[in-house]
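Here is the naming used below: chain letters follow the sequence lines, and residue numbers restart at 1 for every chain.
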Number of protein chains: 2
Amino acid sequence: MSSNPSAIRRPDPDRKQRIINAALDVIVEYGVQGTTHRRVAKAAGVPLGSMTYHFNGMDDLLHLAFTQVAHASSAAFVGRLAEAGNREEAIQALVDIIAGNIWSTPRTLLLSYELYAFAARKPELAAIMRDWMQASREALGRFFDPLTCRALDALVEGMGIHGSVAPARLDRGQIEDIIRRLCAPCG
Amino acid sequence: MSSNPSAIRRPDPDRKQRIINAALDVIVEYGVQGTTHRRVAKAAGVPLGSMTYHFNGMDDLLHLAFTQVAHASSAAFVGRLAEAGNREEAIQALVDIIAGNIWSTPRTLLLSYELYAFAARKPELAAIMRDWMQASREALGRFFDPLTCRALDALVEGMGIHGSVAPARLDRGQIEDIIRRLCAPCG
DNA sequence: GCGCTATATGTACGTTCGTACACAAGATGA
DNA sequence: TCATCTTGTGTACGAACGTACATATAGCGC
């Protein structure tokens with residue numbers, strides 16, 4: 001009874017990444033402190049022992065998972081903005097980011113809240129968030145002056161949050177109106 | 001051994017409120033899912049049995065605690081804005097709210113993140129957040145048109161968050177500049 | 001084939017958790 | 001004074017937790 005012959009080990013090189021993805025699913029459902037080794041293992045379809053083998057405790061796993069969230073969010077924002085070739089197209093890109101589903105999906109927003117709270121307690125993750133914000137500002141910096149970049153960045157953040165709570169979302173025309181007010185002095 | 005004669009009961013009418021305040025301290029330190037009956041009891045200086053006596057489970061306690069957070073935040077925002085008698089004073093009030101310590105203290109921000117995440121999982125708290133946002137917009141509505149109210153509200157939110165992460169905070173002049181761009185069309 | 005190492009897994013241990021519940025004591029009315 | 005109700009408290013129990021660790025198998029040089 002001390003060994004289970006049905007437990008055949010299979011090589012699985014993507015396992016670590018799969019566990020990280022499963023951890024994000026668990027975080028969305030149960031929150032950071034509700035994310036346990038056992039729940040993640042079940043969600044990823046791996047045995048409990050894989051947790052201690054691949055990760056050096058829950059903090060290690062959470063760190064990797066949130067780093068991935070920050071990178072993905074940053075890439076989505078910067079990527080959409082990179083398609084713009086001039087200020088007009090940049091404004092359209094911002095409207096897309098705020099109104100569309102590029103950034104403001106419920107899952108992404110919830111993960112952002114959890115990330116903010118987690119980073120408030122772990123200084124090393126705050127550094128990652130700073131890098132992310134700086135990447136966003138540099139992408140905006142191709143078209144707008146620094147103060148406008150900060151204002152636009154904050155607006156994207158705030159409208160994403162409020163849009164998920166408000167009963168009626170703004171339409172693209174209204175969003176564009178507000179964005180144009182903010183960058184009025186630069187053109 | 002089955003009864004402890006040193007456990008003298010003292011009447012304590014404010015106990016329930018003290019427990020709620022202690023729960024907020026625990027949430028700040030450990031997060032929502034890390035908030036346990038035992039930790040709150042220790043923080044409030046009450047026996048474990050008081051938890052089940054005063055509250056109908058952790059969800060009940062969290063609900064009351066976050067409702068208090070929402071009301072306090074709303075009152076701080078609306079209260080500062082109520083001091084304004086015209087649009088110019090309203091703009092100065094918004095600068096105070098963003099730049100000063102009225103709203104953007106680390107503790108308040110962290111509680112906001114936890115509240116957002118909690119509300120994303122509990123629909124009845126989302127309703128409370130809607131009321132809070134509506135109260136903010138009505139306070140702004142004394143001076144600005146509805147679309148501008150939404151934009152200003154989102155800007156306050158976003159700048160509060162980014163200000164706590166960014167290495168350098170904006171000064172009052174820059175904040176005022178941005179606010180004036182947003183409400184340019186109304187005066 | 002045959003050790004050897006890296007990879008992988010099941011289980012056990014001590015801790016902490018929410019909650020139930022028997023019980024103690026001040027308060028109250030007769 | 002005494003029965004009764006409200007308020008308050010200590011403890012016990014089953015469940016879930018993180019982690020350590022003995023064990024097992026695949027890959028591989030020889």
So the salt bridge (charged side-chain N to carboxylate O under 4.0 Å, His left out) pairs with at least one residue in residues 49-58 of chain A (sequence neighbours excluded) are none
Check whether any side-chain N or O of B/S50 sits under 4.0 Å from OP1 or OP2 of D/dT9, and answer yes or no.
yes
Protein-nucleotide distance ([X], atom [atom1]; [N], atom [atom2]), rounded to Å:
X     : N      : atom1 : atom2 : result
B/D59 : C/dG18 : CG    : C1'   : 12 Å
B/F55 : D/dG8  : CZ    : C1'   : 14 Å
B/D60 : C/dT19 : CG    : C1'   : 14 Å
A/I19 : C/dT7  : CD1   : C1'   : 13 Å
B/L61 : C/dG18 : CG    : C1'   : 13 Å
B/K16 : D/dG8  : NZ    : P     : 11 Å

Sorted by chain and residue number, the salt bridge (charged side-chain N to carboxylate O under 4.0 Å, His left out) partners of B/R38 (sequence neighbours excluded) come out as none
Margin query: Salt bridge check, B/R180 against B/E176: does any charged N sit closer than 4.0 Å to a carboxylate O?
Written below: yes
Sorted by chain and residue number, the side chain to side chain donor-acceptor pair (under 3.5 Å) partners of B/D25 (sequence neighbours excluded) come out as B/R107
Mind listing the side-chain donor-acceptor pairs of residues 115-123 of chain B below 3.5 Å, one per line with the distance, residues two or more places apart or on another chain?
unit_1, atom_1, unit_2, atom_2, d
B/Y116, OH, B/E157, OE1, 3.0
B/Y116, OH, B/E157, OE2, 2.3
B/R121, NE, A/V28, O, 3.1
B/R121, NE, A/E29, O, 3.4
B/R121, NH1, A/E114, OE2, 3.1
B/R121, NH2, A/I27, O, 2.9
B/R121, NH2, A/V28, O, 3.3
B/R121, NH2, A/E114, OE2, 2.8
B/K122, NZ, B/D59, OD2, 2.7

A/T67 meets the side-chain contact (heavy atoms from CB on, under 4.5 Å) criterion, sequence neighbours left out, with A/H63, A/H71, A/L125, A/I128
Interface polar pairs with nucleotides 18-21 of chain D, N/O, under 3.5 angstrom:
unit_1, atom_1, unit_2, atom_2, d
D/dG18, OP1, A/H37, N, 3.1
D/dG18, OP2, A/H37, N, 3.1
D/dG18, N7, A/R38, NH1, 2.7
D/dG18, O6, A/R38, NH2, 3.2

Comparing nearest nucleotides in DNA chain C, the 5'-proximal residue of the pair A/Y53, A/P47 is A/Y53
